[in-house]
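Hydrogens, waters and symmetry mates are skipped; everything else that's a heavy atom, side chains included, is used. Each chain gets a letter, A, B and so on, in the order the sequences are listed, and its residues count up from 1.
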Amino acid sequence: MTYFPHTPQEIKEMLNTIGLESIEDLFSEIPEEIRQKAKENFKIPASPSEIDLLEEIKNIARKNIGKDYISFLGGGAYKHYIPPFVKLVSLFPTFYTAYTPYQPEISQGVLQSIFEYQSLICDLTGMEVANASLYEAGSGIAEAALMSVRITGKKEVIASSGLNPEYISVLKTYLQAQNIELKIIPLDEKGETDVDFLEKNISPKTSGVIIQNPNFFGVIETKLKDIEELIHKNNALFILSIYPISLGILKPPSEYNVDIVVGEGQSLGIPLGFGGPYLGILATKKEFIRQIPGRIVGETIDLEGERGFVNTLQTREQHIRRAKATSNICTNEALSAISAAVYMAILGKKGIKKIAEVCFSRAHYLRERMQKEVNLEITYPNSHFFNEFVIKIPENSENFLKKLEEKKILGGIPLSRFYKDRDKEILVAVTERNSLEELEYYIKSLKEVLKKN
Amino acid sequence: MTYFPHTPQEIKEMLNTIGLESIEDLFSEIPEEIRQKAKENFKIPASPSEIDLLEEIKNIARKNIGKDYISFLGGGAYKHYIPPFVKLVSLFPTFYTAYTPYQPEISQGVLQSIFEYQSLICDLTGMEVANASLYEAGSGIAEAALMSVRITGKKEVIASSGLNPEYISVLKTYLQAQNIELKIIPLDEKGETDVDFLEKNISPKTSGVIIQNPNFFGVIETKLKDIEELIHKNNALFILSIYPISLGILKPPSEYNVDIVVGEGQSLGIPLGFGGPYLGILATKKEFIRQIPGRIVGETIDLEGERGFVNTLQTREQHIRRAKATSNICTNEALSAISAAVYMAILGKKGIKKIAEVCFSRAHYLRERMQKEVNLEITYPNSHFFNEFVIKIPENSENFLKKLEEKKILGGIPLSRFYKDRDKEILVAVTERNSLEELEYYIKSLKEVLKKN
Amino acid sequence: KKIPLIKELNNDEKPTIHLPEPLEDFLPEKILPKDLLRESLPIPQISEIEVVRHFTNLSHMGYGVDLGFYPLGSCTMKYNPKINEEIANNEYFTDLHPYTPEELSQGALEIIYKLGEALSKITGMDKFTFQPSAGAHGELTALLIIKAYLRNKGENRNIVLVPDSAHGTNPASASMAGFETIEIPSDERGLVNPNILGKYLNKNVAVLMLTNPNTLGLFEKDILKIAQMVHDEGALLYYDGANLNGIMGYARPGDMGFDAVHVNLHKTFSTPHGGGGPGAGPVGVKDFLKDYLPVPTVEYDGNKYYLNYQVPKTIGRVRTFYGNFLVMLKAYAYIRLLGDEGLKKTTEMAVLNANYLKEKLKAYFELPYPSICKHEFVLSGKNLKEKGIKVLDIAKRLLDYGVHPPTIYFPLIVEEALMIEPTETETKYTLDEFVEIIRNILKEVDENPDIVKNAPHNTPVKRLNEVYAAKVLKVNWK
Amino acid sequence: KKIPLIKELNNDEKPTIHLPEPLEDFLPEKILPKDLLRESLPIPQISEIEVVRHFTNLSHMGYGVDLGFYPLGSCTMKYNPKINEEIANNEYFTDLHPYTPEELSQGALEIIYKLGEALSKITGMDKFTFQPSAGAHGELTALLIIKAYLRNKGENRNIVLVPDSAHGTNPASASMAGFETIEIPSDERGLVNPNILGKYLNKNVAVLMLTNPNTLGLFEKDILKIAQMVHDEGALLYYDGANLNGIMGYARPGDMGFDAVHVNLHKTFSTPHGGGGPGAGPVGVKDFLKDYLPVPTVEYDGNKYYLNYQVPKTIGRVRTFYGNFLVMLKAYAYIRLLGDEGLKKTTEMAVLNANYLKEKLKAYFELPYPSICKHEFVLSGKNLKEKGIKVLDIAKRLLDYGVHPPTIYFPLIVEEALMIEPTETETKYTLDEFVEIIRNILKEVDENPDIVKNAPHNTPVKRLNEVYAAKVLKVNWK
């Protein structure tokens, strides 16, 4: 079984046209030794039918029982409401079964949608230009760091340890490959990037500084103005990693004079999907446009002067510039970018702001109840946060979370997953999909679990 | 909250254009008394949000726990495999958000699809013409009976009691309205329509005779030739209700010289959906085309002589012929018909035959195991059947089925649901979605339940 | 781009999809006598990719509410919310067999029951049946209920009155229910006039069928008087719910004196029309008629929902199972999302849009009934006749501008009728654009009439010959 | 039909969708200092129906495999089975958070693990990582693994060799991995010639990157010899899996001597390309490299699947989480449905289609490398130059005939290249039709060259000015 549509008669005719006798003849130049090994070792059982396959995979899917739990997991991927039309668009045949729009005249649907994605990202971040997408935030941050190296001609990147630890890990991998130095700045007692420490470590050798806001611990960085001054005084670039939904209420990066905005776009209408595909956002100032990695869609005119859209500045890209390209990226996450565009369009400014407010208010409500009613200690109690915060519990966090799992709650991410020494802290995220009943149930369950201890 | 897109400013401008001051003014001619009552009694709470609504209805949906049971329910609605593309087509915007194609030039997609549906139904049944769909089989059979009355000018319809009891019930309702007599013919000991009885009851006054094949008890009617001769000798019409999938292997109605074929099209790619929307199939001989109820799509040419499709013979229909129309049907089941067309196209002759063979062979295998291993008595043991058969159990069928339900099996339909006196019989249906493992589990469970008795 | 018929791609040797194999020992040819088996199946065989391309390309040769303005009068082509599609695609609904035991299908029964409650609130009726699959089916059902009621009272009334502006389904349904239809002429206001009605009312009249607002989009102001007259004569009053969206929240059929109603879920409650169906036409009745409803009804005993087959004087079934359940589900979601205020606002904006558009368009056509309309209005294009232009030409030319034309040649009482229903989901911008398009077309009528007479030009096919179709009657690919 | 930008429909007063309300007492403005808050959000506000129409109309201005032939060379635009979309839409996958505890996400981990096993069988490699999100990402990952391996051995080799026919991603990935790239000229057969290769091999060479079959669609016959030479020199051999579909079932990179490979799930394994992505580029390595794979890997202890962060010499992460999981899922379903025989047949029919089309088209263009090809082949349109026609014109004219053009101007070593990959899912009929279209266009070149030079004519926009775009650089709607 396969999806080929040929009849036996056609196969015969076609072989005849080619002048061969058998299908095997089409592979005759492959050394016999190689073919023999394939014959012996290439063994994969086929499913008996589509019906069986659907059943088989449905049974595998059901093992993901965590899906049915009340979830407070965040840490870079968030359970947000996806308006149904967003999902329908990703099933439009001309979107999902198209390749990269190399032939713009028959690809205006994809191209205009991506142009609108770029525009909406600029609206959201306040930046001047955005690209057509990168894989996700981690590699996106690495690309931004490399961009700062290309632009400044310097080879030292500084990152706040408020950055998602997975992003830091990716960054290390990418920078090490090109012998670029990476310095990590600690947080202060408020859970914000330690500006004093940054001041001591930044120098005219620094190419870029990466901050995340809200940072991995949910804390809103309040000294971005100071940080920006430090960075630009040293002729480095200010790279900020953002959580798009938070920009429904938080001051946009442009107002902090950020040079490159990066971020995970998953919250903009893209399913959790066990980690991917997601969407790497990258936006910057127009002056840096020629150093942007990946594709960019631009407006143009056709022979009759009508508006149309094309991939532009392709001379930066690998298929033309090869070893000198701004990045090796070719396949990106176009369909995710389209989803994000549809998401932002259908919510609009009011909707995005409201979602941000619901996340914010429910998270603050939950944290207050945890403090006041459950007497839980909060890790950065006096810091500002958006929809995520760290709680301290009196025992090993993994044990504690297991007890919550018995009540069908995924209570948060144990910080020990990333920081071996922080084994009694949990990162709790709240979104608009956590109903008030869920918050109530979480509080109730916390009380029960703590009582048992 | 509603789906209107107006801004307050626009509403003001529009009222201004109309020359009114308030929205209320638009309703001023409605008597105050009526408006007041509406104000007092029109109370429906709104859902707090889309998110809440989805959650609320998901919770209601989960109460349909029978969906997760292994099911042997049939009796006119069958759990068949629906190829995923069939479902995708029903979400194509130009199909599902269109009205009846009154403007054929911009509706060629729907019209050609329905023309192809009609053609595929003709291919499947062997008939010459089919309409664009009726609601479902029950009212379809009633329409066919009325058609026979119009064509023959006689007012007496005979139906086999092998006809689905719900169809008989619908038929009674429709015929009684027009004072048409309905006679019901019993089955013989093999579970087939009693031909002798028919012979005694049919007369030149009979307008039509309705047989179902396979009949409600799953039995294949083997004397259709004899029945046909009787019917036509009396200048009545032969109406046959079919199960489309069975025609993958069974002789088509045309070969029995059937005059009107009707049937439930649900098995052709339409979800069970708790009983609807389904698809009423109606096909007949070309000579009767002007008496067909409902819409018919025909091929034509455009101004330039190119092929195109339109609704045709509209002079039969209610919007033109009004009280003299062949039926009152207006809205039909176009989208279900398109699904059926896609279903038949994607399976093709080979696929439909194979599905029929899988249903047939698994049903026969199960029945044999029930007889040989479980020692169950079969109601019509020596009759031919397609994928459905009646078993006898030693106790009240509803009690018996409850015990199977405890094992997450819906073992079949208790005949007592329709025939009060047949309270120890169960109608069992097998389709290609009943895997061999399911059959095995059913046998095992039967043994356990019977042992307990 | 020409799209072939599936048949034209047929090749018997092409593969089908990956299906399970039958059990060799139980193949039909080993078990059934040969004369029961078919020799060949003439259905075409084409490959999966060809099927996908075929229907995908066909879908690009169409139009729908999701593509643009669709002001088809009396059809209520409003936006179909996508959330309802998502809800109706839940496997716990789509994969549920109608004979699933009640205790295992409580969710589905709950939806039906609660939709009935909501529709009762909306219409002012006491109890609903959901068997009717479409508006016309609802009409038939209601007429059968009324007939059974009258017969039960010993009355053999056999006349159904309808206004001359009525939907064609009204008289057609009356015929199917075994009644005769008599048409009442509308008065100069476009309304049923009690004085005229009086002449038609007598002891043979079983029922007066009205749609209110009527097909001219006008509210039957004298409805209370009409109801009184009908009831005084011992007849009943039936509400054709096709236009309920013009008054929802402001007036309830039950409060106007109607005894039975049908509601088109695919109109007022926004379930998609599917290129012709499925719809749903639930029927609501006042208490005194509820013993006549089709079986089964869905009931709630305070604990559990159940199917009730014990309706004492039931007319029986009008279809199998319980109705177009998945359509009900979408309508229920729509009602639940909007609530009373949202539904009322829906009506308000629909009526606002209609009156605004009427005001804007009356400069270009005749407006036979100039009063405030409800959700739709009717223009007459007879002023164009002298230029040799029919409203059909205008309609076809509209296709070139990418909008769906209004309903034409209905209602029958208006010459060269253009029946326009913008619905509440259209923006003012769209309405203004439509006016501009009409203005352009009328300019073309003066400057270049042939472009209008031979329209459409930009569609996948040119104007189609309907007469030819009815002559050759090629209704399948054989 | 012109489609406005969303921005052009903006009106701040328009409603958003029906969302929950925030808790009044915990509004940001009551809690956060003002200077952290934004004053306004310039994102446009338009209504739901407008958004739906906007994107639905845009979707009707495009092309995809589901609409027709898409012989874009090196891109493997085969049919994307719809069953895989259904599988990947299951909420138990789509709604699963990547940090869900392992015991509660066993299904997802199982899919990743089993896909790794299957790809190992297909490629002859020992272990896979799924972090790479695309082919180029896989190249980078593999190069970093190789680099780490060499550094661990104390070797500072810094040269990556690629043939001059290589994909542009190869040198670009080499740069990102901190290597220098040197191109090896192909020989007159279009292949890497061991004699030429010998001149480039030395102790600075870290790796030779090959795609086999290469971008000319030709199998590198001397691959065993090449592998020997590379390994003898202490360098490694890397397989760019973009063309795996040309040999799957007949040859495995592992058996040819490759040490590391990437596989494009969106090419060979038919996951849809999404208008540019997402794809997935898992990397497989031989045993001696597996300690360098990115963390975490997915493992199975005989009882339970788990994430392993303890990879001794790991290069670290190349992205967050575990890769494009939903893409993996589709690829897994594809492989499971087809099995070994189906996959092999896939290759056979792809190669048959390519050779058939090559045979038919060679009359019309130059065929620089006439030997049997694999899944694709390259023609040269330089014969048209004297007529003033570029292959770009041919490509644009093809759009008018409703098919997607081949890849043009690649590979760089062929002048006026047309790179054609029909894939196995195309019918002979489609191929014949394509030949006929080409024949027609070439006739037009002789008879009416302007129609070709100014093509396309039937598309939503006419030929677009790419130079102008790069000049004005209008990359958003501000």
*Considering only heavy atoms, which portion of D/K478 lies under 4.5 Å from any heavy atom of chain A: side chain, backbone, both, or neither?*
side chain

*Measure from the side-chain N and O atoms of A/T94 to the backbone N and O of D/G62, and report whether any donor-acceptor pair falls under 3.5 Å.*
no

*Can you name the nearest heavy-atom pair linking A/A38 to D/G249, along with the distance?*
CB-O, 3.7 Å

*For the residue pair D/Y79 and A/Y3, does the interplanar ring angle fall in the parallel (under 30°), tilted (30 to 60°) or perpendicular (over 60°) class?*
perpendicular

*Side chain, backbone, both or neither: which part of A/V342 has an atom under 4.5 Å from a heavy atom of chain D?*
both

*asked:* Please evaluate residues A/H6 and D/N353 with respect to the criterion side chain to side chain donor-acceptor pair (under 3.5 Å), reporting the C-alpha separation (whole Å), side-chain torsions for both, the decisive distance (0.1 Å), and the verdict.
replied: CA-CA 10 Å; A/H6 304 65; D/N353 273 3; 2.7 Å; yes

*Dump the intermediate steps for side-chain contact (heavy atoms from CB on, under 4.5 Å) on A/E333 and D/N324, then the final yes or no.*
CA-CA 10 Å; A/E333 310 287 305; D/N324 282 346; 3.5 Å; yes

*Contact part of D/T407 toward chain A, heavy-atom cut-off under 4.5 Å: side chain, backbone, both or neither?*
neither

*Name the member of A/Q103, A/R35, A/E10, A/K324 that forms the most heavy-atom pairs with chain D at distances under 4.5 Å.*
A/Q103

_With side-chain contact (heavy atoms from CB on, under 4.5 Å) as the criterion, how do A/S113 and D/F55 come out once you've worked through the C-alpha distance, each side chain's angles and the decisive distance to 0.1 Å?_
CA-CA 8 Å; A/S113 298; D/F55 288 101; 3.7 Å; yes

*Give, as side chain, backbone, both or neither, the part of D/E86 having an atom under 4.5 angstrom from any heavy atom of chain A.*
side chain

*Flag, side chain of A/D302 to backbone of D/K462, donor-acceptor distance under 3.5 Å*: yes

*Is any side-chain heavy atom of A/D123 less than 4.5 Å from a side-chain heavy atom of D/P44?*
yes

_Under 4.5 Å from any heavy atom of chain A - which part of D/D95_ = both

*Euclidean distance, D/H404 NE2 relative to A/I106 CD1, rounded to 0.5 Å*: 4.5 Å

*Output yes when a side-chain donor or acceptor of A/N328 lies under 3.5 Å from a complementary backbone atom of D/A172, and no otherwise.*
no

_If we ignore hydrogens and angles and just use 3.5 Å, is the side chain of D/T181 paired with the main-chain N or O of A/A323 as donor and acceptor?_
no

*Of all heavy-atom pairs between A/I57 and D/A333, which one has the smallest distance, and what is that distance?*
CD1-CB, 4.0 Å

*Name the member of D/I83, D/L144, D/V327 that forms the most heavy-atom pairs with chain A at distances under 4.5 Å.*
D/I83

*Main-chain N/O of A/L247 paired to D/R38 side chain as donor or acceptor, under 3.5 Å*: yes

*Report the option among A/T312, A/I30, A/I65, A/V110 that has the most heavy-atom pairs separated by less than 4.5 Å from atoms of chain D.*
A/I30

_Evaluation steps, side-chain contact (heavy atoms from CB on, under 4.5 Å), between A/F309 and D/V461_ = CA-CA 9 Å; A/F309 302 92; D/V461 288; over 6 Å; no

*Relative to each other, are the rings of D/F26 and A/Y365 parallel, tilted or perpendicular (30° and 60° limits)?*
perpendicular

*Taking A/E105 for the side chain and D/L464 for the main chain, is one N or O donor matched with an acceptor at less than 3.5 Å?*
yes

*Start with the C-alpha gap between A/E136 and D/T320, add the side-chain angles, then the distance that decides, and say whether side chain to side chain donor-acceptor pair (under 3.5 Å) holds.*
CA-CA 7 Å; A/E136 36 64 75; D/T320 45; 2.6 Å; yes

*asked:* Donor-acceptor pair, distance only, cut-off 3.5 Å: does the side chain of D/E91 make one with the backbone of A/K67?
replied: no

_Taking every non-hydrogen pair under 4.5 Å, which of A/P252, A/S139, A/A325 racks up the most with chain D?_
A/P252

*Salt bridge check: are A/E306 and D/K2 linked by an N-O gap of less than 4.0 Å?*
yes

*Specify whether D/F321 and A/Y278 have parallel, tilted or perpendicular ring planes, treating 30° as the upper limit for parallel and 60° as the lower limit for perpendicular.*
perpendicular

*asked:* With rounding to the nearest 0.5 angstrom, report the OG to CZ distance, A/S28 to D/F219.
replied: 11.0 Å

*Cut-off 3.5 Å, side chains only: do D/H97 and A/S71 have a donor facing an acceptor?*
no

*asked:* Can you tell me how far apart CG (A/N64) and CG (D/L104) are? Round to the nearest 0.5 Å.
replied: 9.0 Å

_Heavy-atom pair with the smallest gap, counting every atom of A/S169 and D/R317_ = OG-CG, 3.1 Å

*Partners of A/H319 by ring pair (Phe, Tyr, Trp, His ring centres under 6.0 Å), sequence neighbours excluded?*
none

*asked:* Would D/I3 and A/Q112 count as a side-chain contact (heavy atoms from CB on, under 4.5 Å) here? Give the steps.
replied: CA-CA 9 Å; D/I3 299 180; A/Q112 181 170 335; 4.0 Å; yes

_Ignoring hydrogens, what is the shortest heavy-atom contact between A/L303 and D/N454? Give both atom names and the distance._
CD1-O, 4.0 Å

_Point-to-point distance, once rounded to the nearest 0.5 Å, from CD of A/E299 to CG of D/L5_ = 6.5 Å

_Apply salt bridge (Lys or Arg N to Asp or Glu O under 4.0 Å) to residues D/E21 and A/K354 and explain how you reach the verdict._
CA-CA 7 Å; D/E21 295 298 323; A/K354 197 180 249 186; 2.6 Å; yes

_Within this structure, what is the CG-CG distance for the pair D/L473 and A/L313, rounded to the nearest 0.5 Å?_
4.5 Å

*Do A/K251 and D/L37 have side-chain heavy atoms sitting under 4.5 Å apart?*
no

*Measure from the side-chain N and O atoms of D/D255 to the backbone N and O of A/I34, and report whether any donor-acceptor pair falls under 3.5 Å.*
no

_Gap separating the CE atom of D/M176 from the OG atom of A/S327, nearest 0.5 angstrom_ = 4.5 Å

_Atom of D/P101, atom of A/L410 and distance for their closest heavy-atom approach_ = CD-CD2, 3.8 Å

*Is it the side chain or the backbone of D/K14 that comes within 4.5 Å of chain A heavy atoms, both, or neither?*
backbone

_As a quick check of understanding, evaluate salt bridge (Lys or Arg N to Asp or Glu O under 4.0 Å) for D/D12 and A/K350, giving each step before the final call._
CA-CA 8 Å; D/D12 282 4; A/K350 289 181 185 173; over 6 Å; no

*asked:* Given 3.5 Å as the limit, does a donor-acceptor pair link the side chain of A/E357 with the main chain of D/P22, or not?
replied: no

*Heavy-atom pairs under 4.5 Å with chain A, option from D/Q106, D/M349, D/E424, D/E359 with the top count*: D/M349

*Decide yes or no for A/L250 and D/L32: does some side-chain heavy atom of the first lie under 4.5 Å from some side-chain heavy atom of the second?*
yes

*asked:* Is D/P28 close to chain A through its backbone or its side chain, or both, or neither, when contacts mean heavy atoms under 4.5 Å?
replied: both

*Contact origin within D/I31 toward chain A - heavy atom pairs under 4.5 Å*: both

_Please rank A/L26, A/I11, A/V310 by heavy-atom pairs under 4.5 Å with chain D and give me the top one._
A/L26

*Using atom types as modelled and distance alone, determine if a side-chain donor or acceptor of A/T97 lies under 3.5 Å from a backbone N or O of D/D66.*
yes

_Qualifying residues under ring pair (Phe, Tyr, Trp, His ring centres under 6.0 Å), relative to A/Y102, sequence neighbours excluded_ = A/Y99

_D/E348 versus chain A, the contacting section by heavy-atom distance below 4.5 Å_ = both

